[in-house]
Amino acid sequence: MIEFQYFNDCPNASTTLNNLKTLIKKNVININEVKIVEIESPEDAAKLNFQGSPTILINGIDIYTGEIPDNTNFSCRYYLFDGKRTGIMSEEYIKLKYEQYKIKQK
């Protein structure tokens with residue numbers, strides 16, 4: 001199960017979600033495997049150990065850290081890719097992490 005977590009006020013969430021949706025359209029990811037979860041409050045964030053917006057989990061594992069979240073961060077999230085700070089996960093990055101996960105499951 002792929003879980004896309006976000007909150008509405010984060011400007012990076014929609015671009016990352018669109019990248020995920022593109023992979024669905026390209027039949028890389030099955031839409032039935034995807035759950036979109038809007039985090040509406042700090043309390044919701046605490047219940048889910050929300051890492052920040054946007055976050056993508058595969059079977060509960062954060063695709064960026066490779067770990068099960070164990071704390072909470074109710075804010076926009078930033079990543080470091082190729083030495084650059086960004087709040088967006090690229091289509092290529094999401095695909096790479098998804099394919100790595102599928103290989104581990106075999």
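No experiment lies behind these values; they were computed from the predicted model shown.
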**Study point:** G52 to T55 - nearest heavy-atom pair and separation
**Key:** O-OG1, 2.5 Å

Check your understanding: Is there a donor-acceptor pair closer than 3.5 Å between any side-chain N or O of D44 and the backbone N or O of I39?
Key -> no

Side-chain donor-acceptor distances from residues 26-37 under 3.5 Å, at least two apart:
from, atom 1, to, atom 2, distance (Å)
K26, NZ, E91, OE2, 2.6
N30, OD1, N32, N, 2.7
N30, OD1, N32, ND2, 3.4
E33, OE1, Y98, OH, 3.2
E33, OE2, N30, N, 3.4
E33, OE2, Y98, OH, 2.8

Practice item. Check the side chains of E67 and T65 for a donor-acceptor pair under 3.5 angstrom, ignoring hydrogens and angles. Key: no

**Study point:** Atom pair OH/OH of Y93 and Y79 - distance to nearest 0.5 Å
**Key:** 8.5 Å

Review point. With the 4.5 Å side-chain cut-off for hydrophobic clustering, are Y6 and L23 part of the same group?
Key: yes

Point to revise | Connected via hydrophobic side-chain network under 4.5 Å: L20 and Y78 | key: no

Point to revise | Donor-acceptor contact below 3.5 Å, side chain S53 vs main chain F7 | key: yes

Review point. For the hydrophobic clusters of this structure (ILVMFWY residues joined by side-chain heavy atoms under 4.5 Å, transitively), does one cluster hold both L80 and I63?
Key: yes

**Study point:** Carboxylate-amine/guanidinium contact R77 D62, below 4.0 Å
**Key:** yes

**Study point:** Single-linkage hydrophobic cluster, 4.5 Å side-chain cutoff, I24 and M89 together
**Key:** yes

Point to revise | Whether T16 side chain and A13 backbone form a donor-acceptor pair below 3.5 Å | key: no

Exercise for review: Could you check if a side-chain atom of Y101 sits within less than 4.5 angstrom of a side-chain atom of I61, using non-hydrogen atoms only?
Suggested key: no

**Study point:** Check: S90 and F81 side chains under 4.5 Å, non-hydrogen atoms
**Key:** no

Check your understanding: Distance from S14 atom OG to K21 atom NZ, nearest 0.5 Å?
Key -> 9.5 Å

**Study point:** Side-chain heavy-atom pair L48, P69 within 4.5 angstrom cut-off
**Key:** no

Exercise for review: Can you measure from CD (E43) to CZ (F50) and round to the nearest 0.5 angstrom?
Suggested key: 13.5 Å

Review point. Are I56 and Y64 connected, step by step, through hydrophobic side chains (Ile, Leu, Val, Met, Phe, Trp, Tyr) whose heavy atoms are closer than 4.5 Å?
Key: yes

Practice item. State, yes or no, whether a side-chain contact exists between I58 and M1 at a heavy-atom distance under 4.5 Å. Key: no

Check your understanding: Does N19 reach the main-chain N or O of I94 with its side chain, forming a donor-acceptor pair under 3.5 Å?
Key -> no

Review point. Does the side chain of N71 come under 3.5 Å of the side chain of Q51 through a donor N or O and an acceptor N or O?
Key: yes

